[in-house]
Amino acid sequence: MSRQVFLYDPPERFVAGTVGLPGRRTFFLQASAAGRTTSVALEKAQVEALAERIDELLDEVVRRSGGKTSVPAVAPAELTDTAPLATPVEEEFRVGTMALAWDSENERMIVEAQALVELDADSEEEFAEAEERLLRDDENGPPMLRVRISGTMARAFAKRAMDVVNAGRPPCPLCSLPLDPEGHVCPRQNGYRRSRA
């Protein structure tokens, strides 16, 4: 069976978003164009890492060009997207690995999110070999979302992604663990339940 690639070059919209209440949220990347939408699920830490890495890569592009690039230093306010994910949110796959690249000729960021695959291996060496085969296999690999966006759109994506990550439960002022609406058992208070003020 050949690999399924969900290609958006460029998307009309590419965002990170969530479904569910804080503490029980499911994170998604969602790309849409020409009446079709693709949603892939991933972990909060993956969204945060992707946003940080996109900003770092764009900062490097600006630095290397000496400021002579179409990539803005910060996300433009006019591209702020606070709308919820397009519904219904139908998960195509859960993301395992992600990759970023910068196409300097066309000034485009390429974001790839590949489906999580369980590798069957008895040793670390076999695991490494299986993983390498999987990464090389362009025709029969796992499903992948591939998005090509401008530097401006990438900045806006990264800002929204960090806003989504930071919109979760507030941290406890003593231990920094997330507070549930009913409080939490704080290790700094010897297990006494703190409630939110």
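Remember, it's a predicted structure, so these values are computed and weren't measured experimentally.
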Grab the two heavy atoms, one from [X] and one from [Y], that are nearest each other, plus how far apart they are.
{"X": "Ala101", "Y": "Leu57", "result": "C-CD2, 4.2 Å"}
{"X": "Thr37", "Y": "Ser32", "result": "OG1-CB, 3.4 Å"}
{"X": "Ala31", "Y": "Val147", "result": "CB-CG2, 4.2 Å"}
{"X": "Ala113", "Y": "Phe93", "result": "O-CZ, 3.4 Å"}
{"X": "Tyr8", "Y": "Ala33", "result": "CE2-N, 3.6 Å"}
{"X": "Ile149", "Y": "Ala154", "result": "CD1-CA, 3.6 Å"}

Do [X] and [Y] come within less than 4.5 Å of each other through their side chains, counting heavy atoms only?
{"X": "Arg148", "Y": "Pro11", "value": "no"}
{"X": "Val15", "Y": "Leu29", "value": "no"}
{"X": "Val95", "Y": "Phe28", "value": "no"}

Lys/Arg N to Asp/Glu carboxylate O, Arg155 vs Asp59, below 4.0 Å: yes

Carboxylate-amine/guanidinium proximity below 4.0 Å for Glu60 and Arg64: yes

Test side-chain contact (heavy atoms from CB on, under 4.5 Å) applied to Val111 and Phe14, step by step: CA-CA 10 Å; Val111 181; Phe14 180 53; 4.3 Å; yes

Tell me if a side-chain donor or acceptor on [X] pairs with a main-chain N or O of [Y] at a distance below 3.5 Å.
{"X": "Glu12", "Y": "Ala34", "result": "yes"}
{"X": "Arg63", "Y": "Leu58", "result": "no"}
{"X": "Asp103", "Y": "Glu105", "result": "yes"}
{"X": "Thr69", "Y": "Ser65", "result": "no"}
{"X": "Gln46", "Y": "Glu43", "result": "yes"}
{"X": "Arg160", "Y": "Asp81", "result": "yes"}

Chi angles and distances behind the side chain to side chain donor-acceptor pair (under 3.5 Å) call for Glu92, Thr38: CA-CA 7 Å; Glu92 294 293 339; Thr38 303; 5.3 Å; no

Ser70 side chain to Glu107 side chain, donor-acceptor N/O pair below 3.5 angstrom: yes

Donor-acceptor pair between Gln114 and Arg3 side chains, under 3.5 angstrom: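 Indeed, the side chains of Gln114 and Arg3 share at least one donor-acceptor pair under 3.5 Å.
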
Criterion side-chain contact (heavy atoms from CB on, under 4.5 Å) on Thr26 and Thr18, from CA distance to verdict: CA-CA 5 Å; Thr26 302; Thr18 61; over 6 Å; no

Ile54 with Met144, same ILVMFWY side-chain cluster at under 4.5 Å: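 No, Ile54 does not connect to Met144 through the hydrophobic network.
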
Between CD on residue Gln30 and OG1 on residue Thr87, distance to nearest 0.5 Å: 8.5 Å

